[in-house]
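Contents: one structure, followed by commentary.
The model shown is predicted, which means the values in this text are computed figures rather than measured ones.
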There are 2 protein chains.
Amino acid sequence: MAVSLKDIAKRAGVSQATVSNVVNGYRPVGEATRARVQEAIDELGYTPNLSARHLRRGRTGIIALAIPELNNPYFAELAAAAIRAATERGYTLLLDYTDGDRDKELLVADGFRAQIIDGLILSAVHLTRDDIAGRTSETPMVLVGEAIYHAPYDHVVIDNLAASREAMRHLIALGRRRIAFIGAHIEADRAPSLLRLRGYTEALAAAGLPFDPDLTVTTSGFGRGDGAAGMRALLTLAQPPDAVFAFNDLIALGAIRALHDHGLRVPDDVSVIGIDDVEEGRFSIPTLTTISPDKEMIGRLAVEKLLDRIEGRPAGPPAAFQPPFRLVVRESAPSTVPRQASSSSSSS
Amino acid sequence: MAVSLKDIAKRAGVSQATVSNVVNGYRPVGEATRARVQEAIDELGYTPNLSARHLRRGRTGIIALAIPELNNPYFAELAAAAIRAATERGYTLLLDYTDGDRDKELLVADGFRAQIIDGLILSAVHLTRDDIAGRTSETPMVLVGEAIYHAPYDHVVIDNLAASREAMRHLIALGRRRIAFIGAHIEADRAPSLLRLRGYTEALAAAGLPFDPDLTVTTSGFGRGDGAAGMRALLTLAQPPDAVFAFNDLIALGAIRALHDHGLRVPDDVSVIGIDDVEEGRFSIPTLTTISPDKEMIGRLAVEKLLDRIEGRPAGPPAAFQPPFRLVVRESAPSTVPRQASSSSSSS
DNA sequence: ATGAAAGCGCTAACAA
DNA sequence: TTGTTAGCGCTTTCAT
């Protein structure tokens with residue numbers, strides 16, 4: 001059995017309460033006493049038993065970040081930022097991953113592991129508004145991610161409408177006219193792709209370009225394979241697209257691969273743009289033009305807002321927070337309109 | 001305050017012990033009693049308080065997996081496997097990431113968060129043998145990853161020597177003669193790249209090929225940028241390589257990008273092979289030939305061995321476990337020898 | 001400034 | 001088969 005408060009108290013000849021106060025500093029402790037206690041702590045090598053502390057305090061010091069998939073580097077980068085932020089604030093961050101499975105998302109939102117965590121940052125994909133609204137768990141929660149719920153929770157997400165418009169403007173400025181969107185989803189009202197899709201159609205309208213339903217491709221997942229399949233479908237069209245706006249970078253990368261397999265060149269024949277700015281896109285061939293959300297800030301903000309709620313700081317009513325983003329132009333959709341076939345120009 | 005054992009006991013008119021037994025099943029409980037208790041549990045919505053349980057049992061049900069970086073998809077995939085395995089066994093897996101920082105690795109190994117975890121799976125990069133040997137923490141630990149320590153801990157890792165030899169045999173069978181290795185490390189005796197490097201030299205010797213020190217490139221990290229930088233260095237050689245064996249896929253992918261920037265073609269001018277089989281390499285241009293370790297089994301085995309120690313199952317002395325791997329041939333180093341070998345030193 | 005003592009919710013040893 | 005009871009190690013009144 002490890003060294004306990006009691007051991008220290010005995011050794012230092014004081015009460016447990018005093019030791020506790022030396023450790024936590026809730027009440028002032030006399031200088032001489034403090035020194036004696038500290039010495040005992042050092043000698044015996046005491047570390048507080050967290051389970052006991054948590055039992056007593058009713059909090060665990062653990063918060064969870066639930067993400068759909070670890071394999072998407074976007075989430076890996078987001079998680080890294082959140083872990084940093086939590087650690088700085090003295091919390092431990094537990095990564096829960098839901099596998100893009102609705103039941104698991106429900107389970108997590110509804111208090112699975114609630115006993116172990118003080119709060120939850122949830123990046124849901126499949127949850128419905130009712131799922132969120134009907135949540136019974138009392139555990140503080142902050143929402144992250146593209147799906148919209150209009151639910152009474154803080155929500156951290158970039159301005160997807162503006163981001164999509166900017167991506168589209170870039171493509172349109174390049175002279176592209178048949179721009180496809182890969183990564184739409186079936187769910188009508190709160191799908192992750194909702195705002196990005198709206199940005200897509202609005203940008204088309206603003207540029208006076210027709211909206212062709214054939215150019216909007218639905219995918220089941222969010223990975224490279226989905227992007228490749230979506231692109232292959234587009235390539236069967238009588239009039240294939242001359243540009244692709246992908247829901248995210250992984251889909252964009254998959255689309256590029258499918259174009260390559262089909263003997264088409266990016267960006268000469270087709271321009272491609274994604275969203276996320278994962279590192280992979282800085283080294284891919286071609287490198288990927290993308291919208292880069294401030295992932296560090298997203299993670300940080302989500303943690304902060306959650307801790308505000310947990311620690312009962314005045315935080316006002318639930319609100320939406322929009323970290324910045326910026327357009328990063330790379331080879332897959334460069335600023336200069338592609339002249340002819342000529343590749344292997346490099347610019348990292 | 002949430003519903004407690006006591007509440008259930010009162011409601012069902014039984015003792016706390018009985019409720020505990022119907023929840024945990026340590027002792028048999030009468031059918032009628034069980035039903036009554038279960039009903040009370042359902043009605044009141046009881047979930048055990050884990051802090052209390054852990055305080056009492058002396059275990060938390062949490063194990064940690066410490067990895068150098070989350071951004072490397074290899075570790076993300078490994079973590080996913082470990083999380084699955086832990087969850088199945090009723091444990092929660094906490095991801096700790098050390099940032100490839102020696103101090104953080106030390107901290108983790110030496111019992112940071114020891115109060116909260118029952119055991120640790122450590123994938124260290126920078127730790128020395130002495131660091132490991134001098135560990136004071138009592139927390140059970142299992143080692144994962146390429147670095148060798150000959151320390152008294154279970155260690156799960158593929159047979160890196162055999163894997164490297166197989167990768168090299170493939171390159172040599174292609175007719176490659178100047179094969180470079182990117183991703184060596186300074187530390188002499190237990191660096192992650194040690195065995196892979198030895199496999200490289202042994203394979204050269206076995207094929208009667210000369211070992212040219214210029215073709216072995218040291219990198220500080222393990223990412224795409226390191227691979228690209230390493231490749232650029234190789235391309236300044238008077239006689240650049242005609243093939244690259246990379247320490248891992250990310251380095252290989254970075255090397256491919258650098259070759260592309262240099263106007264060289266993969267695999268026509270230079271063949272490239274990596275290790276890890278990350279998903280990215282199945283969609284990259286060109287797709288990546290690689291050694292695919294069984295990540296699912298690595299994660300699973302590490303968790304199992306750790307739980308054996310934690311739960312005191314007879315596990316014998318610490319041992320090494322070698323999950324299988326296989327060569328996956330893709331475009332960057334196809335089986336058929338490239339035809340028009342134009343691997344001159346034309347563009348440099 | 002310090003101490004004594006009462007639990008937080010649970011499990012396990014001992015009784016019945 | 002079930003109940004009683006004693007803590008696990010800590011924080012926190014209430015006294016002093």
### Task
Ignoring the backbone of B/L55, work out which of C/dC10, D/dC8, C/dC8 is nearest its side chain.
D/dC8
### Query
Between B/R59 (side chain) and B/D118 (backbone), is there a donor-acceptor pair under 3.5 Å?
no
### Task
Starting from C1' on C/dA12, measure out to CG on B/N21 and report it in whole angstrom.
9 Å
### Task
Please determine, for the side chain of A/K6, which listed nucleotide (D/dC8, C/dA15, C/dT11) has the closest atom?
D/dC8
### Task
Respond yes when some side-chain nitrogen or oxygen of B/T18 is under 4.0 Å from OP1 or OP2 of D/dG3, and no when none is.
yes
### B/E296 and B/R300 ion-paired at < 4.0 Å
yes
### Message
Between A/E105 (side chain only) and A/V125 (backbone N and O only), is there a donor and an acceptor less than 3.5 Å apart?
### Response
yes
### Task
May I have the step-by-step check of side chain to side chain donor-acceptor pair (under 3.5 Å) for B/D131 and B/T128, ending in yes or no?
CA-CA 5 Å; B/D131 290 335; B/T128 67; 3.2 Å; yes
### Task
Return no unless some side-chain N or O of A/S15 is found under 4.0 Å from OP1 or OP2 of C/dG3.
yes
### Query
If you check every side-chain atom of B/V14, which of D/dA6, D/dG3, D/dC10 has the closest atom?
D/dG3
### Query
Taking CG from A/L50 and P from D/dT11, how many angstroms apart are they, rounded to a whole number?
10 Å
### Query
Do the side chain of A/D110 and the main chain of A/T136 share a donor and acceptor less than 3.5 angstrom apart?
yes
### Query
Taking atom P of D/dG9 as reference, at what distance in whole Å does atom NZ of A/K10 sit?
12 Å
### Task
Let me know the distance between CD of B/Q16 and C1' of D/dA6, rounded to the nearest Å.
12 Å
### Rounded distance in Å - CG (A/N49) to C1' (D/dG7)
14 Å
### Query
Are A/Y46 and D/dC10 close enough that a side-chain N or O sits under 4.0 Å from OP1 or OP2?
yes
### Task
Check the distance between C/dG9's P and A/R56's CZ and give it to me in whole angstrom.
10 Å
### Task
Between C/dC10, D/dG9, C/dT2, spot the one nearest the side chain of B/R53, thanks.
C/dC10
## Note on the structure
B/L5 CG to C/dA12 C1', in whole Å, measures 13 Å
### Task
Identify which nucleotide among C/dG3, D/dT11, C/dA15 has an atom closest to any side-chain atom of B/R27, counting heavy atoms from C-beta outward.
C/dA15
#### Entry: DNA chain C contacts made by residues 28-45 of chain B, counting heavy atoms under 4.0 Å
none
## Note on the structure
Those residues at least two apart in sequence (or on a different chain) that pass salt bridge (charged side-chain N to carboxylate O under 4.0 Å, His left out) with B/R89 are none
#### Entry: B/R59 CZ to C/dT11 C1', straight-line distance once rounded to whole Å
13 Å
### Query
Looking at the side chain of A/A17, which of C/dC10, D/dG9, C/dG3 is the nearest nucleotide?
C/dG3
### Query
Base, sugar-phosphate alone, or nothing: which one does A/N24 contact when heavy atoms must sit under 4.0 Å apart?
sugar-phosphate
### Task
Please determine, by modelled atom types, if B/N21 and B/T18 share a side-chain donor-acceptor pair under 3.5 angstrom.
no
### Query
Donor-acceptor pair, A/E77 side chain versus A/K295 backbone, under 3.5 Å?
no
